[in-house]
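One structure below.
Here is how names work: the chains are called A, B, and so on, in the same order as the sequence lines, proteins then strands, and each is numbered from 1. From a predicted model like this one, the values you see are computed outputs, not experimental measurements.
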Amino acid sequence: MFSNLRKLIFLGIWGVFIEAVPEGMGQDTEPPSLPDVTSKTDISLTEDNLDQLLELAEKNVAQLAQVRVGPGLTGSPSLDTPVSTVSRQETTVGKSPWAVFVITNEMIRRSGAKTIPDVLRMAPGVEVTQLDSNKWAIAIRGLNWRFSNELLVQIDGRSVYTPLFNCVFWDEHQLLLEDVERIEVIRGPGASVWGSNAVNGIINIITKRPKDTQGAYVESGTGTYQKGFAGVRYGGGNGNDFQYRVYGNWFERGDGYRPDGLAHDAWRQVRTGFRSEWQADSDNIVTLQGDYYNGYCGDQGNIPVFSFTPPYWETFFNTTRISGGNALLRWAHEIDDDRDWALQIYYDRTERHWLDYHLSEVRNTFDCDYDYRFPLGERHKFVAGFGYRNTHSDTENSFLFGMIPPQRSDYRVSYFVQDQIELQEDLWYLTLGSKFENNSWSGFEYQPTVRLLWAPDKKRAIWGSVSRAVRTPSQAEQNVYAVLTPWIPVPVYPLILGNPDAQAEDMLAWELGYRSQVTDRFSWDIAAFLYDYRDKTVLQSLPYWIPGPVPGTWFIPYQFVNLGAGKSYGFEVTNSFAATPQWKLRSSYSFLVLEFDPVVNSSSPEEFEAQTFRNEFYLSSSWDLGAHWELDMTGRYVEGIKTSVGNVPSYIVGDIRLAWRPHKNFEWSVVGRNLYDGIAHQEAINDTIFNNFSTGVRQEVYTQLIWRH
Amino acid sequence: MKHVLFNTGVLGAVLLGVGIAGAQTAPAPSPPPVDQKEYLLKAVYLYALGCNIQWPASAFSNPNAPFVIGILGPDPFGKTLQDIARKKPIQGRKIVVKRFETLQDYRGPCQMVFVSNGLSKEEQQAVLRKLSAKGVLLVGESPGFAEAGGSVNFFRDQDRLRFEINASAAKRAGLEMGAQLLRLAEPVKPRHASEKDSSALDRVRLSQALR
């Protein structure tokens with residue numbers, strides 16, 4: 001009984017963090033930088049640039065040879081797909097000793113997905129769970145809580161991981177997907193260059209450069225669940241060394257599905273932003289970009305009521321106002337063909353007001369990051385860098401929930417060095433590196449990696465690695481107090497207390513992978529892993545009760561302690577097959593097992609296992625029907641979960657998109673999403689703490705018009 | 001239970017979709033994949049080749065004859081080549097683009113022939129046999145094309161488009177390659193290409209197949 005109660009609490013706490021409390025924003029974890037591409041020849045391949053290209057053809061063929069065509073035709077993860085996240089050096093999937101999956105703009109467009117979480121469903125090893133209309137839990141290789149604290153996410157080098165709860169608020173990042181160039185999804189630790197909290201994986205969202213978004217773009221649509229959405233972008237420039245784009249979007253989504261009708265999770269938001277780039281000369285590129293967004297979303301659930309006699313809770317509806325903005329400046333300088341550096345500075349502000357709970361968080365983050373790439377001798381390619389971040393959180397507390405102290409400033413100073421050594425030319429590559437940092441959450445941390453890649457030819461590679469990564473404690477784990485709804489109908493209220501001594505969790509990862517481009521049309525890869533977690537945070541009960549505010553009511557206190565330990569292992573297989581030039585297929589399968597040791601008097605770690613999907617299967621087909629029609633189909637199977645507080649059945653759902661493109665400037669599509677499983681399918685159990693109700697993901701149909709010029 | 005039903009439904013739908021789509025797209029040799037950016041760049045490269053290679057005077061029937069680019073097989077260029085022909089001359093001559101579906105349709109003289117990878121290996125082999133004449137630059141885009149006797153062959157190197165040059169084939173055709181082109185080109189490797197370069201191996205295999 002009691003252990004169940006603890007489980008519940010443990011489960012629920014995550015939910016509380018994410019949903020119940022106000023606030024949250026901010027970023028944590030590593031700054032990135034990364035000029036996406038610094039090619040000297042910046043001519044994009046469009047008909048409009050034909051004159052310029054012809055001039056090169058006459059006078060300077062060598063420069064013509066520098067023009068990038070982009071990834072090949074084979075569709076997704078071709079070994080030649082460029083990636084920059086893995087090592088902060090531009091390289092290709094084929095030469096990366098990491099488990100990498102790249103989602104291209106074309107894959108996004110043809111998926112019919114309108115949110116980044118939905119786009120991420122196509123990546124292997126990524127578990128996307130939609131909690132309600134505006135909340136998602138996303139994790140890579142397990143530990144998928146509402147509070148998925150092991151996954152680092154960046155947008156154009158700006159971290160969107162909030163140190164408040166150590167998670168990502170996905171409702172803050174509704175980019176105009178048309179402007180996203182690619183999303184690099186790395187499974188496994190990337191801490192050696194990106195720093196703490198890049199434990200189970202990294203997701204790097206990279207938007208297009210302004211030169212690739214010239215001209216006008218308009219999209220607009222409506223459907224059964226998405227009441228409406230619209231996006232506009234315009235890109236211009238001086239025709240020479242300066243380009244920019246500005247964009248704006250708006251959307252309104254309906255409530256999720258609950259049989260009892262108690263859904264209050266509709267979501268609407270507006271967003272606007274810009275990105276500009278000045279190529280001062282062939283060696284210097286300066287980028288300035290920024291965004292602003294503002295919107296409302298809701299949730300529904302139970303809150304505690306203090307009373308000796310029932311009821312002990314009541315149903316409660318909350319509306320949250322979410323707004324924020326950021327500005328980022330990046331200067332990339334190329335010293336010569338082999339050496340370059342990049343300096344990046346950004347400021348980010350996020351505001352969350354849980355209006356009905358009277359809770360809020362305002363967070364301001366400043367970040368500065370520098371990295372430098374240089375060779376040493378014939379065989380060593382170094383990248384080294386330095387970063388500083390300061391983040392300040394200001395929370396408004398209520399009786400039921402808050403942070404002590406309500407204001408807090410944190411910093412992180414970090415530096416890293418990584419060397420890629422070509423042990424034998426074009427055959428053996430060894431990568432050695434480590435990040436070192438000092439932060440105000442857990443003090444000094446080091447996060448090394450050793451990776452070896454063997455590429456017997458250009459089409460195959462085997463790699464293996466050992467790395468250590470840490471997750472720093474969140475502000476909530478150190479400072480929170482939270483009163484929860486009783487789990488059983490007695491006037492005893494769980495009270496969660498932060499632990500100022502909470503330490504970093506650490507993880508040792510062993511990985512092994514193989515990838516092969518079997519033919520021009522078929523490629524596949526497999527990656528297996530074994531993760532060993534230590535010092536995981538769990539909730540442990542304290543040996544006393546505290547009298548509540550009403551006579552006869554009691555609080556049972558629980559505190560975060562670093563006593564958990566366990567292992568996870570599994571593998572993912574991905575393949576991509578162009579059956580004909582017009583018909584491309586992709587599939588992936590992910591398998592995962594989590595085994596955590598029980599901890600005395602604490603939340604039971606078997607919930608970790610129960611909460612994690614063991615089997616996921618994904619299949620997609622993209623078909624060009626003649627010159628003007630596209631038919632895309634996706635199916636996915638996700639194994640259900642069983643927990644002591646509720647089950648989610650396995651589900652199979654599919655998406656279908658049919659698009660008509662009578663002209664290169666015009667597209668009309670009809671998209672059906674989450675089909676085949678009735679009116680809605682449930683992906684998550686209720687948040688057992690706040691009794692924040694999850695809602696079902698609705699089957700939906702929408703139609704969209706796109707015009708570009 | 002639901003899933004069983006659903007499975008049948010989905011499977012049916014998918015199969016139906018496959019059937020319909022298959023019926024529409026199956027006939028005829030499939031046209032080459034059209035990556036518009038890639039073919040835009042290839043078209044520009046054809047022009048670059050024209051500017052950077054010297055043809056023997058005998059390649060043209062008279063001093064005012066146009067520069068003829070032939071495309072053998074399905075035309076992947078869209079209107080790009082036409083645009084170039086409209087904008088630019090090659091060697092002071094007006095560019096004329098001619099399209100030939102098959103080798104049987106071919107009518108010379110052409111100074112440059114682009115052999116699309118929409119042609120089968122056998123057809124390409126026949127093209128190399130029949131068109132390897134003085135004054136004709138054969139440009140391909142299939143592994144092994146240059147080794148089998150084509151002068152220039154495009155290939156993809158990561159996200160870049162590159163080309164290889166078979167200098168002896170060009171010489172046999174009486175063409176003088178510009179130094180800049182030769183520097184940029186991947187020289188065609190001799191038959192015993194290094195083992196670890198499987199793309200080179202593929203080329204060798206294909207050239208053997210073409211033989």
Side-chain angles (χ1 to χ4, degrees), chain A residues 44-47 49-51 53-54 56-62 64-74 79-82 92 94 426-427 455-460 520 578 580-583 621 623-627 629 631 633 635 637 649-654 656 664 675-678, chain B residues 2-3 5-7 9-10 13-14 17-18 20-22 24-26 30-38 40-52 78-80 83-84 87-88 143 156-163 178 180-181 183-185 194-202:
Chain A
S44 58
L45 279 172
T46 66
E47 291 280 341
N49 289 339
L50 190 55
D51 289 335
L53 290 164
L54 291 175
L56 283 185
E58 280 166 53
K59 298 185 182 140
N60 194 347
V61 191
L64 195 59
Q66 293 301 314
V67 174
R68 286 158 197 266
V69 182
L73 273 169
T74 338
L79 265 54
D80 289 341
T81 309
T92 63
D426 284 340
L427 195 60
D457 55 50
K458 283 182 181 163
K459 307 199 164 185
R460 283 174 296 167
D520 285 347
T580 72
Q582 295 78 27
W583 186 26
S621 152
W623 210 327
D624 298 334
L625 305 174
W629 291 85
L631 176 64
M633 290 180 283
Y637 163 79
S650 302
Y651 64 86
I652 303 179
V653 293
I656 292 185
K664 67 181 167 122
L675 306 177
Y676 315 135
D677 208 4
Chain B
K2 179 167 57 168
H3 283 158
L5 284 178
F6 144 62
N7 280 346
V10 174
V14 171
V18 170
I20 292 169
Q24 290 185 349
T25 52
S30 55
V34 176
D35 177 330
Q36 288 179 350
K37 288 186 171 185
E38 178 172 333
L40 172 62
L41 190 56
K42 278 182 181 169
V44 173
Y45 261 117
L46 292 186
Y47 173 71
L49 292 172
C51 297
N52 289 280
K79 61 180 184 54
T80 312
D83 287 347
I84 296 176
K87 289 171 193 265
K88 297 278 185 181
R156 284 291 286 262
D157 181 6
Q158 301 188 4
D159 61 345
R160 300 226 159 79
L161 179 66
R162 299 190 52 205
F163 57 93
Q180 205 179 13
L181 279 185
R183 261 201 313 277
L184 283 173
S194 88
E195 284 290 335
K196 59 180 184 163
D197 183 344
S198 80
S199 56
L201 274 180
D202 283 349

From B:Thr80 OG1 over to A:Leu50 CG, what is the distance, rounded to the nearest 0.5 angstrom? 7.0 Å
Part of B:Leu49 lying under 4.5 Å from any heavy atom of chain A: neither
CG of A:Leu53 to CG of B:Leu40: how many Å apart, nearest 0.5 Å? 6.0 Å
Distance, nearest 0.5 Å, that separates OH of B:Tyr45 from CG of A:Leu64: 4.5 Å
